[in-house]
Amino acid sequence: MPRLSRTGIGPAATKAARGTGAETAHMGDRARPLDAGRTAGGTAAGAPNRPRFLGRARSIGIAMVGLLIALGIILTVGGAAPPPRTTRPLLLGGVISGPEGPIALPVDAPAAPPTDAERAWLAQGTVPGATPRYRAMAERALLDMRVLTQPDGSVAAAWFGIWKYVWPRDAAWVAAAFTATGHDREALAVLRRLAALQRPDGTWEARYRLDGGPVGDKRAAQLDGNGWVPWAVWFWYVHQDPKAPETVAALGELWPTVRKAGDAAAGRLRTNGLPPRGPDYWETRTDQVTLGTAAPLSAGLRAAADLARRTGSAPDAQRWTGASDRLDRGIREVFGPHDYPRTPTAKGGADTAVTWLGPPFAGADAQVANAVRRSAELLTLPNGGILPGEHWAGDPTAAWTPETASFALFSAASGDRAGAERRLDWLADHRTAFGSLPEKVDKNGKPASVAPLAWTSATVLLSLVALDEPLPIP
């Protein structure tokens, strides 16, 4: 989504994602060594002496190159490397379960009916979709999420290269999609895993290895997890019987995670009510606060406060409600005058994150709805999909499916069935031959990057559920 591409080649993106790519900084050509036989003074034996100022100029030039290289390293470790300007073709077309874990399928793998075991699992919940086509897309999305979710609840963003990591953002959305489709056991496993990965200060790393270890690329942490994880726990809880012993026990396990996450989010708000600057789902360095961080934190604080009220934790509810009110006021006053762009200036540029300021993450708001419509107009590409943002630094011709699905979810949860179906039809049209949803779609309308992408699968499922029944709003 647009993370900066997750391709280590570079995220929404996203995920140009999450990645982009490169796990290490590209430092360009190395400086050439001194020629053999050159003296310490800079002249070769027998060669005429050059003017001293030339030697000094050369030394200064070398020093400047070194300084620029060092600066590049510093900028890189502060966030992911810039996203690639071109989009890779499809790298895999789907995944299936194997005796020892997921098996990646070739790009031309044909569609296959679910196995008996898969049908039995699907029957434990619901498959959303009002038409056979939507149900087929939902069925495959559910099965893809199931394969990408490990027994301990770790969710791989995708099953290829540098996508094979756990992003708290993606995992939280997967937990919500499992919940919305009646697969509570899987949802709870994912939430428990996210709780185990939380840092002592209440935040999360940008991503983790599937075994829970650090990735080691010095990628800066992303504060949006402090919004998405509490929201996912709240979303799970409101779908349960609050008096059931299993619900009470599970919430007891997850409540410390919500409390630490809520307090960490509230504690990082500045005097204007907004969080500090830092990378978000674009996974690029930024010198300004972004809507991609502020919007999830808004949803998470409201969700945490509502969860506290429902469970009788009045002091927590009051604390987080106050923080949520300050944050929402800051978003309205700083981002609102510019139509809710990525960064709070007139030149901030439209961003997909505007969809997270409305249903199902917040109540309907006319100004937000207008900003979403305007952003959709600016970000829709000739191929029909959505670009992460107006100032996206990656391939400007490739659409990101998580972002496209986010606009579908906003429309579906806002009662705009026609708008939601238009986006969902596009997503259905651009699946792989196997039926999985890819991360990107290139300028020619071909699935690109990797498939399936867990975040897209989850967002499509939530959109389809929202067309059938209202989703809860914190």
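Keep in mind that what you see is a predicted model, and the values were worked out from it rather than measured.
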Would you be so kind as to tabulate the donor-acceptor pairs closer than 3.5 Å made by side chains of residues 180-187, with sequence neighbours excluded?
residue	atom	partner	partner atom	Å
T181	OG1	A177	O	2.8
T181	OG1	F178	O	3.2
D184	OD1	Q240	NE2	3.4
E186	OE2	W121	NE1	2.9

Which donor-acceptor pairs under 3.5 Å do side chains of residues 135-145 form with protein atoms, sequence neighbours excluded?
residue	atom	partner	partner atom	Å
R135	NH1	V127	O	2.7
D144	OD2	S436	OG	2.8

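R423 places no side-chain N or O within donor-acceptor distance of the main-chain N or O of A420, the cut-off being under 3.5 Å. Checking side-chain atoms of D224 against main-chain N and O of T293 turns up no donor-acceptor pair under 3.5 Å. Proximity of a side-chain donor or acceptor of Y237 to a complementary backbone N or O of L307 within less than 3.5 Å is not detected. Put simply, the side chain of T286 gets close to the backbone of Q288: a donor and an acceptor are under 3.5 Å apart. T380 contributes no side-chain N or O that, together with a main-chain N or O of I386, makes up a donor-acceptor pair within less than 3.5 Å. Formation of a donor-acceptor pair under 3.5 Å by the T352 side chain with backbone atoms of P388 is found in this model. At distances below 3.5 Å, at least one donor-acceptor pair connects side-chain atoms of Q367 with backbone N or O atoms of G336. Checking side-chain atoms of W455 against main-chain N and O of R169 turns up no donor-acceptor pair under 3.5 Å. At least one donor-acceptor pair under 3.5 Å links the side chain of S463 to the backbone N or O of T459. In terms of modelled atom types and a separation under 3.5 Å, the side chain of T179 and the main chain of W236 share no donor-acceptor contact.
Residues P452 and L148 meet the side-chain proximity criterion, which asks for heavy atoms closer than 4.5 Å. At a threshold of 4.5 Å between non-hydrogen side-chain atoms, the residues L223 and P276 count as touching. Residues V289 and P344 have side chains in contact (heavy-atom distance under 4.5 Å, counting atoms from C-beta outward). With contacts defined as side-chain heavy-atom distances shorter than 4.5 Å, the pair P296/W231 does not qualify. Looking only at side-chain heavy atoms (C-beta outward), S449 and P438 stay at 4.5 Å or farther from each other.
With respect to T203, the side chain to side chain contact (heavy atoms under 4.5 Å, CB included) criterion is satisfied by exactly one of R268, Q198, Q222, K260: R268. Each of D280, T343, L357 was compared with L291 under the side chain to side chain contact (heavy atoms under 4.5 Å, CB included) criterion, and only L357 meets it. Under the side chain to side chain contact (heavy atoms under 4.5 Å, CB included) test applied with L424, the options T404, L464, T131, L409 reduce to a single match, L464.
To the nearest 0.5 angstrom, Y208 atom OH is 11.0 Å from S154 atom OG. One finds the CZ atom of R259 at 11.5 Å from the OG1 atom of T257 (value rounded to the nearest 0.5 Å). Put simply, CG on D416 and CD on E421 are 9.5 Å apart, with the number rounded to the nearest 0.5 Å. Taken from CG in L387 to OG in S375, the straight-line distance is 12.0 Å, to the nearest 0.5 Å. Summarising the geometry, atom CZ belonging to R326 is positioned 12.5 Å from atom OG belonging to S298; distances are rounded to the nearest 0.5 Å. Atom CG in L91 sits 4.5 Å away from atom CZ in F160 (nearest 0.5 Å).
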Quiz prompt | Derivation of the ring pair (Phe, Tyr, Trp, His ring centres under 6.0 Å) call for F361 and W228 | solution = CA-CA 10 Å; F361 307 107; W228 293 129; 5.3 Å; yes
Quiz item: When you look at D306 and R310, which way does the salt bridge (Lys or Arg N to Asp or Glu O under 4.0 Å) test go after all the steps?
Solution: CA-CA 6 Å; D306 185 63; R310 289 170 182 263; 2.6 Å; yes
Quiz prompt | Trace of the salt bridge (Lys or Arg N to Asp or Glu O under 4.0 Å) decision for D365 with R332 | solution = CA-CA 11 Å; D365 179 275; R332 286 194 305 271; over 6 Å; no
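With salt bridges taken as basic N to acidic carboxylate O contacts below 4.0 Å, none links E283 and R207. A salt bridge links R319 and D316; the closest N-O separation between the charged side-chain nitrogens and carboxylate oxygens is under 4.0 Å.
Around the CD atom of E246, the shell of radius 6.0 Å holds more than 12 heavy atoms that belong to other residues, nucleotides or ligands. Shown here is D241, whose CG atom has more than 12 heavy atoms of other residues, nucleotides or ligands within 6.0 Å.
Taking E253 as the reference, R192 meet the salt bridge (Lys or Arg N to Asp or Glu O under 4.0 Å) condition, with sequence neighbours excluded. In this view, R209 and D211 satisfy the salt bridge (Lys or Arg N to Asp or Glu O under 4.0 Å) rule, not counting sequence neighbours. Under the salt bridge (Lys or Arg N to Asp or Glu O under 4.0 Å) criterion, R277 pairs with no residue, sequence neighbours left out. For the side-chain hydrogen bond (donor to acceptor under 3.5 Å, both in side chains) test, residues two or more places apart in sequence or in another chain that qualify with W320 are D263.
Between Y165 and W167, the ring planes lie perpendicular to each other; the angle is over 60°, past the 30° to 60° tilted range.
The aromatic ring centres of Y281 and W400 sit 6.0 Å or more apart.
No side-chain donor-acceptor contact under 3.5 Å links Y340 and D351. A donor and an acceptor atom, one from each side chain of R309 and T321, are located under 3.5 Å apart.
What you find for F410 and G358 is that their closest heavy atoms are CE1-CA, 3.8 Å.
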